[in-house]
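Working notes, beginning with the structure itself.
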Amino acid sequence: MGLFGKKKKQDAPEERNEIDNHDLKVNLANTALGLLVQGEDYEELANTQVTFGYLFMIEDHGIEALYKITTDKTTAYFAAQGDKLMRLNFNEELFQTTVDGFMDLHGGNNES
């Protein structure tokens with residue numbers, strides 16, 4: 001508490017690990033699927049898998065996520081930051097290194 005009973009504003013913004021937020025994960029996955037090109041990124045989506053490296057909600061920033069979509073033809077990597085979704089030019093090693101670095105910095109468990 002600060003002077004006169006007011007709470008001091010924390011230096012670091014509040015972060016929530018949202019890896020178990022099914023609805024948010026489905027929304028992010030569906031949005032990314034819309035960016036994939038049929039014939040180039042996939043032939044059919046029947047066995048497509050989505051793997052999240054991390055998914056956080058950060059106060060005054062929004063979503064911070066890194067995930068990949070594995071189709072019958074390729075693995076595509078995506079980052080969500082705030083209200084933006086970007087397709088990344090990543091490989092598996094860079095994906096895992098980035099996930100590990102983010103989790104070391106922000107804490108929490110990385111799960112699929």
Open item on the list: What verdict does the side-chain contact (heavy atoms from CB on, under 4.5 Å) test give for L36 and L33, after you've listed the backbone C-alpha separation in whole Å, the side-chain angles of each residue and the deciding distance to 0.1 Å?
Closed with: CA-CA 5 Å; L36 297 180; L33 283 170; 3.7 Å; yes

- [ ] Check F102 against E64 and note the closest heavy-atom contact, atom names and distance.
- [x] CE1-CG, 3.5 Å

Task: Close side-chain approach of I63 and Q81, heavy atoms under 4.5 Å - done: no

Task: Partners passing salt bridge (charged side-chain N to carboxylate O under 4.0 Å, His left out) against E18 (at least two apart in sequence or in another chain) - done: R16

Open item on the list: Can you tell me how the ring of F52 sits relative to the ring of Y67, calling it parallel under 30°, perpendicular over 60° and tilted otherwise?
Closed with: parallel

Open item on the list: I want to check something: taking the side chain as every heavy atom from C-beta on, are T48 and I69 in contact at a cut-off of under 4.5 Å?
Closed with: yes

Task: Nearest non-hydrogen partners of Q38 and E43, listed with the distance - done: NE2-O, 3.4 Å

Task: Shortest non-hydrogen contact between I58 and P13, atoms and distance - done: CG2-CG, 3.9 Å

Task: Trace of the side-chain contact (heavy atoms from CB on, under 4.5 Å) decision for F78 with L35 - done: CA-CA 10 Å; F78 294 90; L35 298 177; 3.9 Å; yes

- [ ] Run the numbers on V50 and L28 for side-chain contact (heavy atoms from CB on, under 4.5 Å), then give the verdict.
- [x] CA-CA 10 Å; V50 179; L28 287 168; over 6 Å; no

TODO: Write out all pairs satisfying side chain to side chain donor-acceptor pair (under 3.5 Å) with one or both partners inside residues 85-94, taking only residues at least two apart or from two chains.
DONE: D41-R87, K68-E92, Y77-E92

- [ ] Examine M86 and Y54 and state if one hydrophobic cluster contains both, with Ile, Leu, Val, Met, Phe, Trp and Tyr joined whenever side-chain heavy atoms are less than 4.5 Å apart.
- [x] yes

Task: Side-chain (K73) to main-chain (G39) donor-acceptor, under 3.5 angstrom - done: yes

TODO: May I ask you to decide if E44's main-chain N or O and D72's side chain share a donor-acceptor pair within less than 3.5 Å?
DONE: yes

- [ ] Treating Ile, Leu, Val, Met, Phe, Trp and Tyr as nodes and any side-chain heavy-atom pair under 4.5 angstrom as an edge, say whether V26 and L66 lie in one connected cluster.
- [x] no

Task: Distance (rounded to the nearest 0.5 Å) between D83 CG and H61 NE2 - done: 9.5 Å

Task: Over 12 foreign heavy atoms within 6.0 Å of CG, D104 - done: yes

TODO: Answer yes or no: is there a side-chain heavy-atom contact under 4.5 Å between M103 and V99?
DONE: yes

Open item on the list: On a heavy-atom basis, which atom in F95 and which in T51 lie closest, and how many Å separate them?
Closed with: CZ-O, 4.1 Å

Task: Validation row: D23, N27 side chains within 4.5 angstrom (heavy atoms) - done: no

Task: Heavy-atom side-chain proximity of H106 to E15 below 4.5 angstrom - done: yes

